[in-house]
Amino acid sequence: QTIDGINAKTYDAPFQVHIKKMNAAFKQLESNLNDLKVTTAANSRLAYLKSMKRNAETLEKEIKWIKKQEPVCEQAKSLRNGVQQAKARAGKFSKVLNFATYKTASEKQISGEKYFNSGEFDSAIKEWRLSEKNFQTAYSVCLQSYETAINSAVSAGNWEKVLRESDALLAVIPDHQGALKARRDGKEEIKKAKISIGLKAAHHAFAQKRWSDVITRAREVLAIESGHSAAEKLITDAQEQIKLEKLNKELTSARNAKTEKNWQNVYDHAVAASNIDGSKHFFTPEKAMQVEQNLGADIIMAFDECSEYGY
C-alpha cells in the first residue's frame with residue numbers, strides 16, 4: 001500500500017532515482033519470494049533469503065528517504081519561489097546588477113538549484129536562504145542609493161537630475177511618496193526657472209526697445225503659466241510702444257513735410273490708419289495734444305512746435 005501510494009503521486013525529478021530503486025527492490029523481493037516457494041534445496045533457499053533481506057533493507061531505506069524528504073522538498077520549493085520573487089523585485093532596478101550582493105545572491109540561487117536537483121534539499125534550503133537574504137539586501141541598498149541621489153540633487157538645486165532619479169525610482173515603486181514629492185517640487189522649480197529666464201530676456205529686450213522680442217519672450221512665459229501678470233503687462237507695454245513709435249514716425253514725417261511746405265505730404269502723414277480696423281484718422285494739433293494728454297505726457301506741444309520761452 002505504501003509503495004502504491006508513492007507511485008500514485010507526482011514527484012520532482014530528484015525523487016525519481018529513489019522511486020526506481022524502491023520499485024526495483026520490491027520487484028526483486030517478490031521474485032525471491034516466488035522462487036523460495038518452489039525451491040527445496042537448502043543452499044538455494046538460503047541464497048534467496050539473503051537476497052530478500054537485502055532487497056527488504058533497500059526497500060525500507062528508499063521508502064524512509066522518500067517519506068522524510070517530501071516535506072523538506074516542499075519547504076525548499078517554497079523558498080525557491082521566495083528567492084525568485086526577491087530577485088524579480090531587486091532586478092527592477094537597472095543598476096542593481098552592479099551590486100556585489102546581487103551577484104552573490106545569483107550565485108547562491110544557482111548553487112541551490114544544483115543541490116535541489118541532486119536531492120540534497122537541506123543544502124538547497126541553506127543556499128536559497130542566503131540567496132533570498134542577499135537579493136533583499138541588494139534591493140534595500142539600491143533603493144537607498146536612489147533616495148540619496150534624489151536628496152543630494154534637491155540640496156544642490158539640480159532639478160533636472162531630481163526628475164531623472166525620481167522617474168527611475170517611480171518606475172519601480174510607483175507610490176514612493178518621497179520620489180513623488182521630489183518630482184512635483186522638481187517640476188515646479190524648473191517651471192519657475194524657465195519663467196524667470198523668460199522674463200529676464202523680455203526685460204532685456206524691452207530695455208533695448210526690441211518690442212517684437214519682448215512680445216515673443218513674454219508669450220513663451222504665458223505658454224508655461226497662463227495668465228502670468230508680469231508677462232501680460234510686458235506684452236501690453238510693448239504693443240503700446242509699437243503704436244507710439246509708429247505715431248511718432250508719422251508725426252516726424254508730417255513735420256518734415258511742413259518744413260518743406262509740402263502740404264499734401266503733411267496731410268498724408270498726419271492721417272494715420274488704425275491698426276484695429278484700418279480706418280483713417282487725421283491728427284490736428286488739437287487731437288495730437290489730446291493724445292499726449294491721454295498718454296500722460298509731462299511736456300505737451302502740438303506737432304513739437306515749441307512755444308517761446310516764458311509763455
Side-chain angles (χ1 to χ4, degrees), residues 154 156-163 181-311:
V154 170
N158 188 344
W159 301 110
E160 294 291 347
K161 185 176 180 181
V162 169
L163 290 186
K181 183 180 184 302
R183 192 170 186 274
R184 287 194 301 269
D185 292 345
K187 283 189 172 183
E188 186 62 29
E189 291 299 328
I190 290 173
K191 176 182 174 182
K192 289 179 182 178
K194 288 182 178 180
I195 289 174
S196 177
I197 292 171
L199 289 176
K200 185 177 181 180
H203 283 295
H204 182 69
F206 198 97
Q208 295 184 341
K209 298 183 179 181
R210 292 183 286 109
W211 314 121
S212 295
D213 286 346
V214 172
I215 294 172
T216 299
R217 299 307 175 195
R219 283 176 176 167
E220 289 175 354
V221 171
L222 290 174
I224 299 171
E225 183 177 311
S226 178
H228 194 285
S229 58
E232 290 181 339
K233 185 176 185 303
L234 280 167
I235 291 174
T236 301
D237 291 347
Q239 290 173 338
E240 288 298 325
Q241 291 298 325
I242 291 172
K243 291 179 183 178
L244 283 174
E245 284 190 351
K246 186 176 181 181
L247 177 60
N248 286 333
K249 184 178 179 180
E250 292 294 334
L251 290 176
T252 298
S253 297
R255 185 174 60 249
N256 292 338
K258 178 183 177 183
T259 301
E260 297 170 1
K261 296 184 179 181
N262 187 342
W263 307 115
Q264 181 60 44
N265 282 345
V266 172
Y267 176 80
D268 291 341
H269 289 291
V271 174
S274 171
N275 66 320
I276 298 174
D277 57 9
S279 59
K280 299 288 186 177
H281 298 272
F282 178 67
F283 287 94
T284 64
E286 292 81 7
K287 286 184 178 180
M289 286 193 292
Q290 185 62 51
V291 169
E292 297 211 31
Q293 285 179 345
N294 293 341
L295 293 174
D298 295 324
I299 300 175
I300 299 175
M301 56 196 71
F303 292 110
D304 295 334
E305 288 292 338
C306 298
S307 302
E308 293 183 13
Y309 178 76
Y311 292 91

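Numbering starts at 1 and runs along the sequence shown.
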(message) Enumerate the salt bridge (Lys or Arg N to Asp or Glu O under 4.0 Å) contacts for residues 226-235, please, sequence neighbours excluded, ordered by first and then second residue.
(response) K233-D237

(request) Kindly indicate, with the supporting measurements, whether the criterion side chain to side chain contact (heavy atoms under 4.5 Å, CB included) is fulfilled by V162 and I190. (result) CA-CA 10 Å; V162 169; I190 290 173; over 6 Å; no

(request) Would you list the pairs meeting salt bridge (Lys or Arg N to Asp or Glu O under 4.0 Å) in which at least one residue belongs to residues 210-222, sequence neighbours left out? (result) R210-D213, R217-E220

(message) For A218 versus A202, what's the shortest heavy-atom pair and its separation?
(response) N-CB, 4.3 Å

(request) Identify the heavy atoms of A230 and L199 that sit nearest to each other, and give their distance. (result) CB-CD2, 4.3 Å

(message) What's the separation between atom CG in L244 and atom CG in L295, rounded to the nearest 0.5 Å?
(response) 5.5 Å

(request) To the nearest 0.5 angstrom, please state how far the CG atom of L234 sits from the CH2 atom of W211. (result) 10.5 Å

(message) Show, in sequence, the C-alpha distance, side-chain angles and deciding distance for I242 and K246, and conclude whether the side chain to side chain contact (heavy atoms under 4.5 Å, CB included) test is met.
(response) CA-CA 6 Å; I242 291 172; K246 186 176 181 181; 5.6 Å; no

(request) Verify side chain to side chain contact (heavy atoms under 4.5 Å, CB included) between I235 and L222, making sure each step is shown before the conclusion. (result) CA-CA 10 Å; I235 291 174; L222 290 174; 3.6 Å; yes

(request) From the options E189, K191, R183, select the one residue that forms a side chain to side chain contact (heavy atoms under 4.5 Å, CB included) with K187. (result) R183

(request) With rounding to the nearest 0.5 Å, note down the distance linking CD in Q241 to NZ in K209. (result) 8.0 Å

(request) To the nearest 0.5 Å, tell me how far K192 NZ sits from E225 CD. (result) 10.0 Å

(message) On a heavy-atom basis, which atom in A231 and which in V221 lie closest, and how many Å separate them?
(response) CB-CG1, 3.8 Å

